[in-house]
Amino acid sequence: MEPYICSDCPHGCGALRGELGNGFCRMGADPVIARAAPHYDEEPVISGTRGSGAIFFSGCALRCRFCQNYPISHDGFGKKITVKRLRETYFELIGKGCHNINLVNPTHFAAAIDKSLEGGLPVPVVWNTGGYEKVETLRRLEGKIQVYLPDLKYIDPDSARKYSAARDYFDFAGPALKEMLRQTGPVELDEDGIIRRGTIVRHLILPGCAEESMRILDWIAENLPGAWVSLMAQYLPFGSVEGIDALDRRLFPEEYEAVVDHLMELGLEDGFVQELSSSDEKYIPAFDLTGVEPQKGED
């Protein structure tokens, strides 16, 4: 892609995205990916029986201290490809039978992805995001994304600042999730129980943050009618969490149970609840450039 001044994510840093990594995300204009392969560990309506065509992008618009994808989100591991190659990758995954194309951590490559989706795809496209989005960027993508799969990580600005370097996280995530739901409407499944369109909001329960998790569920219940909820318990002490509050340990069962009980009390029955046993490294993909082959004639 040609270099451009970027304001796609809430940081709005106005970086010149060119050949070299720049701005908060430290990425250039062309997408960088670390893995492209069928993925079977998403929610059942996304992974189905044939897998979700997951493409993991390097870099990030957040600095989550506990990120399980730390080597690619923080350290930037991956291979730069062209927009043309990205679109080819979609069709390679579709050819393997994947139910959808799952764009994992796509926010900072919105411009390249927008171009890569021109002409549409024969399967749904999933925007799998940390939730820190600008409404204006999402509106540019309208019609090209059928499924939004955002996190809603925080409602408290101090938590967002300490753990993800984004004190204004909820200021952007709240309106962004409402926009996602406006675009997709309620969740729709096909005859095989695979999602066609809709918004599924993920929330990862963090150690020591059960009360905040319950506040987040309250907000979802009040503001996102028709969205499904995926309550996640897979937290592991990853990244750079040593000495940070309770983040250097796993969830206590009583924390998990309190949040799950609150979810049920709110009547948020559409969606998924991870078992506490999901806190296991085996669910973290191998970031080994699987599926990131160059096109012929490319170095």
side-chain contact (heavy atoms from CB on, under 4.5 Å), that's the test. Do L93 and I101 meet it? Break it down for me.
CA-CA 8 Å; L93 292 169; I101 293 300; 3.9 Å; yes
Side-chain heavy atoms under 4.5 angstrom apart, residues restricted to Ile, Leu, Val, Met, Phe, Trp, Tyr: same cluster for L266 and M264?
yes
Rounded distance [0.5 Å steps], SG in C67 versus CG in N105
7.5 Å
Within the side chain of D156, is there an N or O that forms a donor-acceptor pair under 3.5 Å with the backbone of D158?
yes
Flag side-chain contact, heavy atom, 4.5 Å: I81 against D30
no
Is it the case that the side chains of S52 and S47 hold a donor-acceptor pair, with the cut-off being a distance below 3.5 Å and no angle test?
no
Distance-minimising heavy-atom pair for V201 and A227:
CG2-CB, 4.3 Å
List the steps, then state whether side-chain contact (heavy atoms from CB on, under 4.5 Å) holds for W228 with T199.
CA-CA 6 Å; W228 285 17; T199 298; over 6 Å; no
Distance-minimising heavy-atom pair for E255 and F252:
OE1-N, 2.8 Å
For residues S164 and Y169, is any side-chain donor paired with an opposing acceptor at under 3.5 Å?
no
Value rounded to 0.5 Å, distance of CD in Q274 from CD in E43
7.5 Å
From OG1 (T49) to CG (D192), nearest 0.5 Å:
7.5 Å
Take E2 and R17 through the salt bridge (Lys or Arg N to Asp or Glu O under 4.0 Å) test and state the conclusion after the steps.
CA-CA 8 Å; E2 293 295 321; R17 303 277 296 276; over 6 Å; no
Main-chain N/O of V125 paired with N102 side-chain donor or acceptor, under 3.5 Å:
no
L289 side, atom CG; I33 side, atom CD1 - distance, nearest 0.5 Å
8.5 Å
Using a distance-only test with no angle check, is there a side-chain donor-acceptor pair under 3.5 angstrom linking N69 and H74?
no
With a 4.5 Å limit on heavy-atom distance, are the side chains of H39 and P285 in contact?
yes
Cation over ring, R50 on Y40, under 6.0 Å and within 45°?
no
Do L117 and V147 belong to the same hydrophobic cluster, where Ile, Leu, Val, Met, Phe, Trp and Tyr are linked whenever their side-chain heavy atoms lie under 4.5 Å apart, directly or via other members?
no
Yes or no on side-chain hydrogen bond (donor to acceptor under 3.5 Å, both in side chains) for D190 and H99, after CA distance, side-chain angles and deciding distance?
CA-CA 11 Å; D190 68 15; H99 295 289; 5.9 Å; no
Show the nearest heavy-atom pair for residues S278 and A233, with the distance to one decimal.
OG-C, 3.8 Å
Would you say CD of E254 has more than 12 non-hydrogen atoms from neighbouring residues, nucleotides or ligands within 6.0 angstrom?
yes
Are a donor atom and an acceptor atom from the side chains of E212 and S159 found within less than 3.5 Å of each other?
yes
Quick one: does any side-chain atom of D151 pair with a main-chain N or O of K153 as donor and acceptor, under 3.5 Å?
no
Is it the case that E133 and W127 place a side-chain donor and acceptor less than 3.5 Å from each other?
yes
When you compare the side chains of T107 and Y132, does any donor N or O come within less than 3.5 Å of an acceptor on the partner?
no
For the atom pair OH (Y163) and SG (C64), what is the distance rounded to the nearest 0.5 Å?
12.0 Å
Any side-chain heavy atom of D288 sitting closer than 4.5 Å to one from R35?
yes
Looking at every non-hydrogen atom in both residues, tell me the closest pair between Q183 and L138 and how far apart they are.
NE2-O, 3.0 Å
Please determine whether a side-chain nitrogen of the Lys or Arg among K80 and E19 lies less than 4.0 Å from a carboxylate oxygen of the Asp or Glu.
yes
Is it true that the side chains of Q146 and N100 contain a donor and an acceptor less than 3.5 Å apart?
no
May I ask you to test the V32-F109 pair for a side-chain heavy-atom distance under 4.5 Å?
yes
Would R139 and E136 satisfy salt bridge (Lys or Arg N to Asp or Glu O under 4.0 Å), going step by step from the backbone distance to the final call?
CA-CA 5 Å; R139 286 181 179 162; E136 296 87 345; over 6 Å; no
Dump the intermediate steps for side-chain contact (heavy atoms from CB on, under 4.5 Å) on I205 and M232, then the final yes or no.
CA-CA 6 Å; I205 309 167; M232 306 179 77; over 6 Å; no
Electrostatic pair D168-R161, nearest N-O below 4.0 angstrom
no
F56/F287 under ring pair (Phe, Tyr, Trp, His ring centres under 6.0 Å): CA gap, chis, key distance, verdict:
CA-CA 8 Å; F56 290 85; F287 300 120; 5.4 Å; yes
Under the salt bridge (Lys or Arg N to Asp or Glu O under 4.0 Å) criterion, do R87 and E118 qualify, and how do the steps go?
CA-CA 9 Å; R87 187 167 176 84; E118 290 177 0; over 6 Å; no
Looking at side-chain heavy atoms only, is the closest gap between L152 and I220 below 4.5 Å?
yes
Compare all side-chain heavy atoms of I55 with those of T89 and state whether any distance is below 4.5 angstrom.
yes
Using modelled atom types and a 3.5 Å cut-off, is there a donor and acceptor pairing between side-chain atoms of H108 and backbone atoms of G59?
yes
Start with the C-alpha distance between R196 and E191, add both sets of side-chain angles, then the distance that settles side-chain contact (heavy atoms from CB on, under 4.5 Å), and finish with yes or no.
CA-CA 10 Å; R196 275 199 187 109; E191 59 276 9; 3.4 Å; yes
Tell me whether L263 shares a hydrophobic cluster with L276, the cluster being built from Ile, Leu, Val, Met, Phe, Trp, Tyr side chains joined at under 4.5 Å.
yes
Using 4.0 Å as the upper bound for N to carboxylate O, is an ion pair formed by K144 and D114?
yes
With distance as the sole test, does Y148 use its side chain to make a donor-acceptor pair with the main-chain N or O of R197 at under 3.5 Å?
no
Salt bridge R85-E88, side-chain N to carboxylate O under 4.0 Å
yes
Test side-chain hydrogen bond (donor to acceptor under 3.5 Å, both in side chains) on S213 and H203; report intermediate values, then the result.
CA-CA 8 Å; S213 290; H203 174 65; 2.7 Å; yes
Could you see if I194 belongs to whatever hydrophobic cluster contains L189? Use Ile, Leu, Val, Met, Phe, Trp, Tyr and a side-chain cutoff under 4.5 Å.
no
So does A166 get a backbone contact from the side chain of H11, meaning a donor-acceptor N/O pair under 3.5 Å?
no
At their closest point, which heavy atom of P150 faces which heavy atom of I200, and how far apart are they?
CD-O, 3.1 Å
Shared hydrophobic cluster, L224 / V273 (ILVMFWY, side-chain heavy atoms < 4.5 Å):
yes
V104 and A54 have their tightest heavy-atom pair at CG2-CB, 4.3 Å
Note, F57 side chain near I72 side chain (heavy atom, < 4.5 Å)
no
Would you say CD of E188 has more than 12 non-hydrogen atoms from neighbouring residues, nucleotides or ligands within 6.0 angstrom?
yes
Do F170 and L177 make a side-chain contact, defined as non-hydrogen atoms from C-beta onward lying under 4.5 Å apart?
no
Criterion side-chain hydrogen bond (donor to acceptor under 3.5 Å, both in side chains) on Y90 and S116, from CA distance to verdict:
CA-CA 9 Å; Y90 300 157; S116 74; 2.6 Å; yes
